[in-house]
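First up is the structure itself, then whatever we jot down about it.
Keep in mind that the numbers below use all heavy atoms, side chains included, and drop hydrogens, waters and symmetry copies. In this text the structure is predicted, and so the values were computed from the model without any measurement.
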There are 2 protein chains.
Amino acid sequence: MSQSVDRALAVLPLLARGPAGLGEVADALAVHKSTALRLLRTLHAHGYVHRQPDGRYRLGARLFALAAEAVENLDVKEVAQPYLRDLARATGHTVHLALHQDDEVVYVDKVDSRYPVRLYSRIGRPVPLTVAAVAKVLLADLPEAERRALAARIDYPRWTARSTPDAEAFLRELELVRAQGWAADLGGHEESVNCVGAPVRGPDGRVVAALSVSAPAAVVTGEELLELLPLVRRTAEAVGRDYSGEGEEGP
Amino acid sequence: MSQSVDRALAVLPLLARGPAGLGEVADALAVHKSTALRLLRTLHAHGYVHRQPDGRYRLGARLFALAAEAVENLDVKEVAQPYLRDLARATGHTVHLALHQDDEVVYVDKVDSRYPVRLYSRIGRPVPLTVAAVAKVLLADLPEAERRALAARIDYPRWTARSTPDAEAFLRELELVRAQGWAADLGGHEESVNCVGAPVRGPDGRVVAALSVSAPAAVVTGEELLELLPLVRRTAEAVGRDYSGEGEEGP
DNA sequence: ACGGACGTTGCACACTGCGCAACGCACCTG
DNA sequence: CAGGTGCGTTGCGCAGTGTGCAACGTCCGT
């Protein structure tokens with residue numbers, strides 16, 4: 001749509017592969033050297049391109065700063081909201097979005113079920129680390145060393161007979177969650193509540209959030225809830241794609 | 001130098017602060033909406049800009065991918081080489097560049113002293129983790145949990161009386177190195193060799209490499225070597241700036 | 001049903017970005 | 001040391017490209 005901008009933007013992926021001189025850039029773009037020079041100068045003025053001591057060009061610090069700033073100012077909650085609503089409508093159950101921050105997992109958004117039976121969750125409230133599906137999804141993505149350190153640090157309250165009993169079992173459970181890419185809590189926190197969760201991944205592949213569908217056992221059995229798993233996972237992936245700025249359309 | 005490219009590039013920092021609609025972008029650039037639209041379309045075609053379901057624009061995945069690829073293909077060794085040479089010339093001693101990769105710290109570059117006495121290091125050879133200055137610099141930057149896990153995993157050979165004896169002492173030493181931003185090895189590996197090292201930081205502030213100056217005790221005492229510390233640290237910072245693509249000039 | 005805000009399209013003008021050719025400079029090479 | 005080659009840099013005249021304008025379409029909220 002805009003020739004010169006088009007060309008300038010094509011320079012960046014080129015330089016991402018490694019440093020290049022003016023001639024190389026001009027050749028790759030199939031333009032005259034003077035043209036390439038102007039483009040590089042403009043990019044340089046904005047800090048997107050860095051000139052090495054040897055005269056060759058590399059990507060500049062601005063690009064890293066931009067990417068970092070963009071991630072910082074990105075609100076998963078805002079991006080996820082429409083997806084959560086769709087998921088709640090499709091399943092008819094309560095949907096949660098949770099984040100992990102300094103040794104706690106907290107709900108940051110929630111769409112209530114249309115059934116009269118409500119759950120006890122509250123936005124902003126910490127989630128039981130050892131049993132909740134979202135907590136397991138979020139913690140499973142930590143580096144192994146941090147996972148072990150955390151597992152040794154936390155308590156293991158026996159909410160129900162199905163609660164995770166100790167650090168060893170917890171780490172095994174996290175390993176499983178990590179491998180299969182989703183988590184379930186079938187009566188681990190309260191006997192009568194089932195829940196399945198899936199990870200939302202950011203641009204670098206790390207898990208940035210988790211979403212889950214919860215329902216009282218009186219309404220759906222564990223097996224029935226697990227049938228929703230593909231939908232839950234697809235939704236989580238869609239949120240991740242949107243959050244990362246991939247693809248085209250929304251929900 | 002190039003008006004349209006100039007304007008297009010000015011869009012990115014704008015969007016990094018958060019999503020914006022067409023009108024906002026046009027206003028910020030002080031151009032007509034149609035002009036802003038063309039620029040955004042071009043940026044979108046290249047994937048640098050993502051269109052949200054609500055029609056507003058955000059930075060796109062391409063930017064993150066670029067930043068990641070650039071970091072991947074960046075060779076610290078190549079960037080550091082001229083700095084290492086300068087440092088070796090200025091001090092007259094042996095200079096090393098080391099990286100940390102899966103439980104090992106290895107020398108990836110070396111500039112020999114001009115003194116006849118040489119050291120036993122070799123490029124590509126693993127460095128003793130518990131004593132070498134570069135190892136301490138690199139490991140001190142790990143997250144606390146990984147540091148603890150690693151400290152528990154490795155051996156503590158008693159090369160000399162000054163060698164780090166156990167995990168507890170090692171962790172204390174790493175904490176010190178982390179706080180002060182440099183490390184020393186005064187006869188910890190071999191009685192007769194002293195060494196000071198400093199971290200090279202990447203665009204995200206994480207330590208990506210370490211460089212050090214080593215000299216036989218017969219040539220310089222520990223105190224004399226420590227006088228070189230400011231120079232070593234400044235050099236490491238300069239490498240980091242260049243590596244991150246900041247500032248303008250080389251060594 | 002109406003008004004406003006927002007994104008989108010087509011068009012004609014002129015300014016901007018283009019390629020060309022010549023220059024300056026550093027580095028080899030005979 | 002003269003000649004040659006590869007690099008980045010500069011000035012210039014032409015036209016192609018990007019521009020602002022005005023009008024249209026569409027989706028809101030009132």
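A side chain to side chain contact (heavy atoms under 4.5 Å, CB included) with B:V213 holds for exactly one of B:T91, B:T235, B:N194; it is B:T91.
With respect to the salt-bridge test (charged N to carboxylate O, under 4.0 angstrom), the residues A:R56 and B:E78 qualify.
The end-to-end axis angle of the helix from C:dA1-D:dT30 to C:dG30-D:dC1, rounded to 10 degrees and based on five pairs per end, is 40°.
Between the CG atom of A:D54 and the C1' atom of D:dG6 there is a distance of 15 Å, given to the nearest Å. Atom pair A:L29:CG and C:dC18:P shows a separation of 10 Å (rounding to whole Å applied). C:dC15 atom P lies 13 Å from atom CZ of B:R7, rounded to whole Å. Rounded to a whole Å, the CG atom of B:D6 is 14 Å from the C1' atom of D:dG18. We find that CG of A:L39 is positioned 16 Å from P of C:dT16, with the value rounded to whole Å. The CZ atom of A:R38 sits 11 Å away from the P atom of D:dT10 (whole-angstrom rounding).
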Can you name the atoms? Protein N/O to nucleotides 5-9 of chain C N/O, anything below 3.5 Å, with the distance.
residue, atom, partner, partner atom, Å
C:dG7, OP1, B:L22, N, 2.9
C:dG7, OP2, B:G23, N, 3.0
C:dG7, N7, B:K33, NZ, 3.2
C:dT8, OP1, B:R51, NH1, 3.1
C:dT9, OP2, B:R41, NH2, 2.4

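Look at A:S2 and you'll find a side-chain N or O under 4.0 angstrom from OP1 or OP2 of D:dG18.
Here A:L87 contributes atom CG and A:L228 contributes atom CG; the two are 8.0 Å apart, rounded to the nearest 0.5 Å. For the atom pair CG (A:L84) and CD (A:Q81), the distance works out to 7.0 Å, reported to the nearest 0.5 Å. Note that CZ of B:R51 and CG of B:L43 are 13.0 Å apart. Values are rounded to the nearest 0.5 Å. Note that CG of B:L9 is 7.0 Å distant from CG of A:L9, once rounded to the nearest 0.5 Å.
Between A:K33 and A:L37, the closest side-chain pair of non-hydrogen atoms is not below 4.5 Å.
Between the side chains of B:S4 and A:S2, no donor N or O sits under 3.5 Å from an acceptor N or O.
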